[in-house]
Amino acid sequence: MTEFDLTDFFKGIVDSEEGPIVICNMDYRIIYLNPSAMDYYRSGHDMQGKLLESFMNEELMSMVRMSVEWFKEGRDNNRVFAFHDNKKNLDMYILAIRNGSGDLIGFYGREESRTPDQSRPFDLD
C-alpha cells in the first residue's frame, strides 16, 4: 500500500469522527479541520491556514504552548487533558502527532464525550 492510499484512509478516519478535530503543525498553524470542527467553530471555514493564537485567548494559548513543549521532552509524552466542558459533558485533549521515527511533527485537539452511548450494541437497523 502506498503513502497516498494511507493518507486517504487517515483523512477518512479523521473526517468520520463526530467531534471536532483541529490539526496544527509545529508553527501553531491550523492545517486541517474535520467537517465537525468546521460546523462546531463559527469561524471554522476561515481557520485553516491561520495561526491558532488568532482564535484563542492568551491564557489558553500559553497552555497549548506548554503542552507542545512537554511533547518535545519525550516520545511517551503524547496526550494532555485540557479541560472538561460541564455543559456538553465532554473532555478536551491536546495530542501529539509523531512521524514514523517518533519525531513530533504537529498536534491536534479533540474532544471525548463522557455521556454513555444509549444505542444497542451493533444495532444496524
Side-chain angles (χ1 to χ4, degrees):
M1 193 172 281
T2 67
E3 279 189 47
F4 179 76
D5 294 331
L6 286 177
T7 300
D8 289 341
F9 278 99
F10 293 137
K11 184 178 180 305
I13 291 168
V14 170
D15 286 354
S16 70
E17 284 291 316
E18 291 181 11
I21 295 177
V22 177
I23 302 173
C24 297
N25 64 16
M26 292 304 294
D27 295 326
Y28 298 90
R29 188 167 302 279
I30 299 168
I31 60 171
Y32 190 75
L33 295 95
N34 73 344
S36 293
M38 291 284 202
D39 293 339
Y40 184 81
Y41 299 106
R42 287 176 288 173
S43 56
H45 295 280
D46 298 325
M47 293 172 73
Q48 192 161 321
K50 298 208 170 98
L51 292 173
L52 186 61
E53 65 191 23
S54 304
F55 304 97
M56 288 189 160
N57 65 44
E58 197 173 307
E59 180 181 0
L60 190 53
M61 191 62 208
S62 174
M63 301 304 285
V64 170
R65 284 191 179 101
M66 287 185 348
S67 299
V68 171
E69 289 304 312
W70 182 73
F71 294 156
K72 291 177 184 178
E73 290 176 11
R75 292 182 177 178
D76 292 331
N77 299 350
N78 292 309
R79 181 178 164 123
V80 173
F81 170 73
F83 61 86
H84 179 77
D85 182 334
N86 286 323
K87 186 175 181 183
K88 296 180 181 178
N89 196 29
L90 59 86
D91 292 337
M92 183 61 120
Y93 294 90
I94 301 169
L95 297 101
I97 301 172
R98 298 187 183 277
N99 64 17
S101 300
D103 300 322
L104 185 64
I105 59 171
F107 62 96
Y108 68 103
R110 74 178 303 271
E111 64 180 37
E112 292 182 15
S113 174
R114 294 295 165 225
T115 303
D117 195 321
Q118 299 300 313
S119 304
R120 291 187 343 226
F122 297 100
D123 185 8
L124 304 176
D125 291 325

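All residue numbers refer to positions in the sequence shown, counting from 1.
The number of heavy-atom neighbours closer than 6.0 Å to CD of Glu59, taken from other residues, nucleotides and ligands shown, is 12 or below. Taking a 6.0 Å sphere around CE of Met92, one finds it holds more than 12 heavy atoms contributed by other residues, nucleotides or ligands.
Taking CE of Met61 as the start and OG of Ser54 as the end, the distance is 9.0 Å to the nearest 0.5 Å. The OG1 atom of Thr115 sits 4.0 Å away from the CG atom of Asn89 when rounded to the nearest 0.5 Å. Of the inter-residue distances, the one linking Arg110 atom CZ with Ile94 atom CD1 reads 13.0 Å to the nearest 0.5 angstrom. The CE atom of Met47 lies 7.0 Å from the CG atom of Leu52; values are rounded to the nearest 0.5 Å. Remark: Glu73 CD to Leu104 CG distance equals 11.5 Å, nearest 0.5 Å.
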Side chain to side chain contact (heavy atoms under 4.5 Å, CB included), that's the test. Do Glu53 and Tyr28 meet it? Break it down for me.
CA-CA 8 Å; Glu53 65 191 23; Tyr28 298 90; over 6 Å; no

Take Met26 and Lys72 through the test side chain to side chain contact (heavy atoms under 4.5 Å, CB included) and record every step on the way to the result.
CA-CA 11 Å; Met26 292 304 294; Lys72 291 177 184 178; 3.5 Å; yes

Starting from the C-alpha separation in whole Å, work towards a yes-or-no answer on side chain to side chain donor-acceptor pair (under 3.5 Å) for Tyr32 and Asp15.
CA-CA 10 Å; Tyr32 190 75; Asp15 286 354; 2.5 Å; yes

After noting the C-alpha distance and the side-chain angles of Ile30 and Phe55, does the key distance pass the side chain to side chain contact (heavy atoms under 4.5 Å, CB included) rule?
CA-CA 10 Å; Ile30 299 168; Phe55 304 97; 3.9 Å; yes

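In this structure, the side chain of His84 engages the main chain of Leu90 through a donor-acceptor pair within 3.5 Å. Side-chain N or O atoms of Arg29 include one that pairs as donor or acceptor with a backbone N or O of Gly49 at under 3.5 Å. Distance alone, capped at 3.5 Å, is enough to place a donor-acceptor pair between the Asn34 side chain and the Gly19 backbone. Without hydrogens or angle criteria, Arg114 side chain to Asp85 main chain gives no donor-acceptor distance under 3.5 Å. A donor-acceptor pair is defined here as one N or O able to donate and one able to accept, closer than 3.5 Å; no such pair exists between the side chain of Ser101 and the backbone of Asp103. Without hydrogens or angle criteria, Ser62 side chain to Glu58 main chain gives no donor-acceptor distance under 3.5 Å.
Outside the 6.0 Å centre-distance limit, the rings of Tyr93 and Tyr108 are not counted as a close aromatic pair.
For the pair Phe71 and Asn78, the tightest heavy-atom approach, listed with the atom from each and the gap, is CE2-C, 3.6 Å.
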